[in-house]
Novice: 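Take this structure first; my questions come after.
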Amino acid sequence: MHAGIVLAALTALFIPFVSQAQATPAARTGESPARSAKPLSPGAQALVDRAFADLDGRRPLDCHVHILGLGTGGTGVYASPALRSWLRPWSRLKADMVLSASGVKDPALADQQYVARLLALARDFPVEPRLAVLAFDCRYTPGGERDFARTEFRIPDGYVLDLARSHPDTFVPVASVHPSDPHALARLESLAAQGVRVIKWLPNSQGMDPSDPGFDPFYRAMIRHGMALLCHTGHEASVASTDQRLGNPLLLRRPLDLGVTVIMAHAGNRGTSEDLDNPGRRARNFDLFLRMMDDPRYTGRLYGDISMLAQTARSTGDLKILLERADLHPRLINGSDYPLPAVDIFMQPRVLWLAGFLTDRERRQLGEIYRANPLLFDFVLKRTLRHPKTGARFPASVFVEHAAFIWRGAPEPAVTPAAANFPGGL
């Protein structure tokens with residue numbers, strides 16, 4: 001078990017949920033201020049201003065924002081009973097830790113408070129970002145049935161569509177369709193009609209093998225509808241996962257070879273996998289990601305998101321490589337993997353300062369920004385980082401709107417006639 005996650009679980013012991021009786025009036029209504037009334041110091045504010053100075057009026061983009069909840073208020077969210085049971089203490093601690101860090105004070109209002117906090121954080125930016133909010137499909141059995149016994153949570157496509165329709169200036173909906181669902185192709189068609197442009201997978205947890213030839217009709221439908229695939233790569237440590245083998249970046253060659261645009265989440269930045277090009281050997285997932293990015297066949301169709309690349313537990317060596325690889329910068333996209341940046345055990349600017357990516361003054365200013373707004377902190381941190389030796393930074397192009405994440409959905413009901421007969425809806 002990862003040491004950082006163990007520490008995070010222990011931290012959760014000291015941040016339990018308050019009861020409904022203890023909740024403040026704002027907590028009961030779902031309101032959640034972005035920061036305290038205390039303004040940033042001049043130095044911290046200058047660091048924020050510098051992070052936005054060269055965007056030239058372009059909207060910031062965060063391509064990797066999770067929507068979480070407990071199914072309150074009719075959202076349709078499914079959360080495994082294990083997440084709220086002390087018979088499964090690790091699962092309970094993990095859920096409490098993440099939701100508490102996300103501004104949830106009352107489990108009975110979890111879904112509403114989570115979204116209220118996220119909106120407040122976004123609106124506290126100097127230039128309000130567009131947030132790609134992610135649905136999350138469940139696992140499926142080999143027979144094509146939903147496998148809730150091995151599903152930690154499910155965020156319906158209809159829910160993120162409703163959020164995007166309610167807040168079209170902030171949220172961009174990203175759907176999640178498991179290709180083993182017998183209704184998968186019909187779901188893609190319905191989602192495409194509603195303007196959805198991106199499908200999200202976490203194979204390690206959801207149990208799909210991206211290299212499965214049986215998924216070719218799904219990939220062809222994605223191409224026909226102009227959809228991109230945002231797919232987790234590398235080891236998964238936050239969501240319960242039964243097959244880390246499925247995080248191998250090389251498995252995504254099949255959709256790429258068919259013509260699908262693929263965004264490798266986290267740039268494969270954790271763990272090792274079998275090197276399928278050299279049987280019997282293993283390689284770091286990040287190195288396999290670079291091998292794929294360096295393949296000229298995939299130029300223009302393969303991208304990487306940099307979500308959590310600055311997390312304390314990840315490799316600073318990989319961060320150096322991405323900073324110095326200016327040739328890859330046009331193919332990198334900013335993502336936060338929120339709510340993880342709000343879990344303070346994961347985000348320690350001191351480690352990056354000691355490794356030479358920040359000055360001590362920047363470290364202290366970033367700590368101040370973090371206490372005010374962890375989502376803004378994630379953005380400013382990655383805009384401030386520099387290569388310890390060369391001073392290279394990520395350019396502004398990594399952090400602004402990307403063509404794959406533009407949504408022009410019509411303000412229609414989330415459940416269209418085409419989707420009405422899907423078991424459980426979209």
Side-chain angles (χ1 to χ4, degrees), residues 4 46-56 58 60-64 129 232-235 249 263-271 283-295 298-299 302-338 340-341 346-367 369-370 374-402:
L47 199 64
V48 172
D49 294 342
R50 189 177 75 187
F52 288 83
D54 61 348
L55 299 190
D56 300 326
R58 294 171 290 180
L61 171 70
D62 185 336
C63 79
H64 198 131
H232 175 96
T233 52
H235 184 88
I263 304 155
M264 291 190 180
H266 318 299
N269 179 241
R270 179 172 279 169
R284 297 173 64 248
N285 285 311
F286 180 74
D287 293 334
L288 298 178
F289 161 79
L290 290 178
R291 186 185 303 172
M292 295 281 283
M293 292 287 279
D294 288 335
D295 190 326
Y298 304 140
T299 301
L302 177 60
Y303 299 84
D305 94 20
I306 61 171
S307 58
M308 295 305 284
L309 264 291
Q311 177 187 337
T312 301
R314 293 178 183 264
S315 169
T316 56
D318 295 350
L319 185 58
K320 290 177 184 177
I321 291 172
L322 286 183
L323 285 167
E324 66 192 20
R325 287 288 305 268
D327 60 312
L328 297 183
H329 290 174
R331 297 163 64 189
L332 299 179
I333 306 173
N334 179 53
S336 67
D337 206 8
Y338 184 87
L340 292 185
F346 292 138
M347 310 303 297
Q348 300 290 336
R350 180 180 179 84
V351 174
L352 295 170
W353 163 59
L354 291 172
F357 292 93
L358 304 167
T359 67
D360 185 44
R361 175 176 293 181
E362 289 167 341
R363 172 189 68 82
R364 288 183 277 107
Q365 292 166 344
L366 284 163
I369 297 166
Y370 183 86
L375 191 63
L376 178 63
F377 158 85
D378 181 83
F379 183 87
V380 176
L381 169 64
K382 286 180 286 189
R383 295 251 53 209
T384 304
L385 292 168
R386 69 183 67 78
H387 192 285
K389 292 185 177 180
T390 69
R393 300 177 187 266
F394 290 126
S397 61
V398 174
F399 299 91
V400 296
E401 289 184 289
H402 186 277

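Below, each value reflects all heavy atoms present in this structure, side chains not excepted, and no hydrogens, waters or symmetry copies.
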Novice: For the residue pair F379 and A51, what are the closest heavy atoms and their distance?
Specialist: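 Shortest heavy-atom contact: CE2-O, 3.9 Å.
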
Novice: Looking at every non-hydrogen atom in both residues, tell me the closest pair between F399 and P395 and how far apart they are.
Specialist: CD1-O, 3.3 Å

Novice: Please give me the minimum heavy-atom distance between A310 and L385, naming the atom from each residue.
Specialist: CB-CD1, 4.1 Å

Novice: Other residues, nucleotides and ligands only: do more than 12 of their heavy atoms fall within 6.0 Å of CZ on R361?
Specialist: no

Novice: For residues H266 and S307, report the shortest heavy-atom separation together with the two atoms involved.
Specialist: ND1-OG, 2.8 Å

Novice: To check you understand the geometry: which heavy-atom pair defines the closest contact between R58 and D54, and what is its length?
Specialist: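 Taking every non-hydrogen atom into account, NH2-O, 3.5 Å.
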
Novice: Output the distance between atom CZ (R393) and atom OG1 (T384), rounded to the nearest 0.5 Å.
Specialist: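 OG1 of T384 is found 6.5 Å from CZ of R393.
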
Novice: Which pair of non-hydrogen atoms, one from Y298 and one from M292, has the smallest distance, and what is that distance?
Specialist: CD1-O, 3.6 Å

Novice: A side-chain contact here means heavy atoms from C-beta on lying under 4.5 Å apart; do L323 and K320 qualify?
Specialist: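 Heavy-atom side-chain distance check fails, nothing below 4.5 Å.
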
Novice: Measure the spacing between OH of Y370 and CG of D378 and express it to the nearest 0.5 Å.
Specialist: 10.0 Å

Novice: Would you sort out whether F286 and I321 count as a side chain to side chain contact (heavy atoms under 4.5 Å, CB included), showing the intermediate values?
Specialist: CA-CA 10 Å; F286 180 74; I321 291 172; 3.9 Å; yes

Novice: Using side-chain heavy atoms (C-beta onward) and a distance below 4.5 Å, is R386 in contact with T359?
Specialist: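 In contact.
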
Novice: Distance check, rounded to the nearest 0.5 Å: R270 atom CZ versus D318 atom CG?
Specialist: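 Output value for this atom pair is 11.5 Å.
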
Novice: Side chains of D62 and L375: closer than 4.5 Å at any heavy-atom pair?
Specialist: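 The answer is yes; the side chains approach within 4.5 Å.
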
Novice: Nearest 0.5 Å, what's the CG-CZ distance between L322 and F289?
Specialist: 6.0 Å

Novice: Taking C-beta and beyond as the side chain, do R50 and R383 meet within less than 4.5 Å on heavy atoms?
Specialist: no

Novice: What's the spacing between E324 CD and H329 NE2 if we round to 0.5 Å?
Specialist: 9.0 Å

Novice: With heavy-atom distances below 4.5 Å as the criterion, would you say the side chains of M308 and P341 are in contact?
Specialist: yes

Novice: Under a 4.5 Å cut-off applied to non-hydrogen side-chain atoms, are N285 and T233 in contact?
Specialist: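 With C-beta onward as the side chain, the pair stays apart.
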
Novice: As a test of understanding, state which of Q311, H64, H232 forms a side chain to side chain donor-acceptor pair (under 3.5 Å) with D337.
Specialist: H64

Novice: Determine whether T316 and L352 satisfy the following criterion, side chain to side chain contact (heavy atoms under 4.5 Å, CB included), listing intermediate values before the conclusion.
Specialist: CA-CA 8 Å; T316 56; L352 295 170; 4.3 Å; yes

Novice: Show me the pairs that pass side-chain hydrogen bond (donor to acceptor under 3.5 Å, both in side chains) and involve residues 286-295, at least two apart or across chains.
Specialist: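 Sorted pair list: D275-R291, D277-R291, R284-D287, D294-R325, D295-R297.
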
Novice: With heavy-atom distances below 4.5 Å as the criterion, would you say the side chains of F394 and L309 are in contact?
Specialist: no

Novice: Begin with the C-alpha distance, continue with both residues' side-chain angles, and end with the deciding distance and a verdict on side chain to side chain contact (heavy atoms under 4.5 Å, CB included) for L381 and M347.
Specialist: CA-CA 10 Å; L381 169 64; M347 310 303 297; 4.1 Å; yes

Novice: Atom CG of L358 and atom CD of Q365: how far apart are they, to the nearest 0.5 Å?
Specialist: 10.5 Å

Novice: Would you indicate whether the side-chain heavy atoms of L302 and R331 approach each other to under 4.5 Å?
Specialist: yes

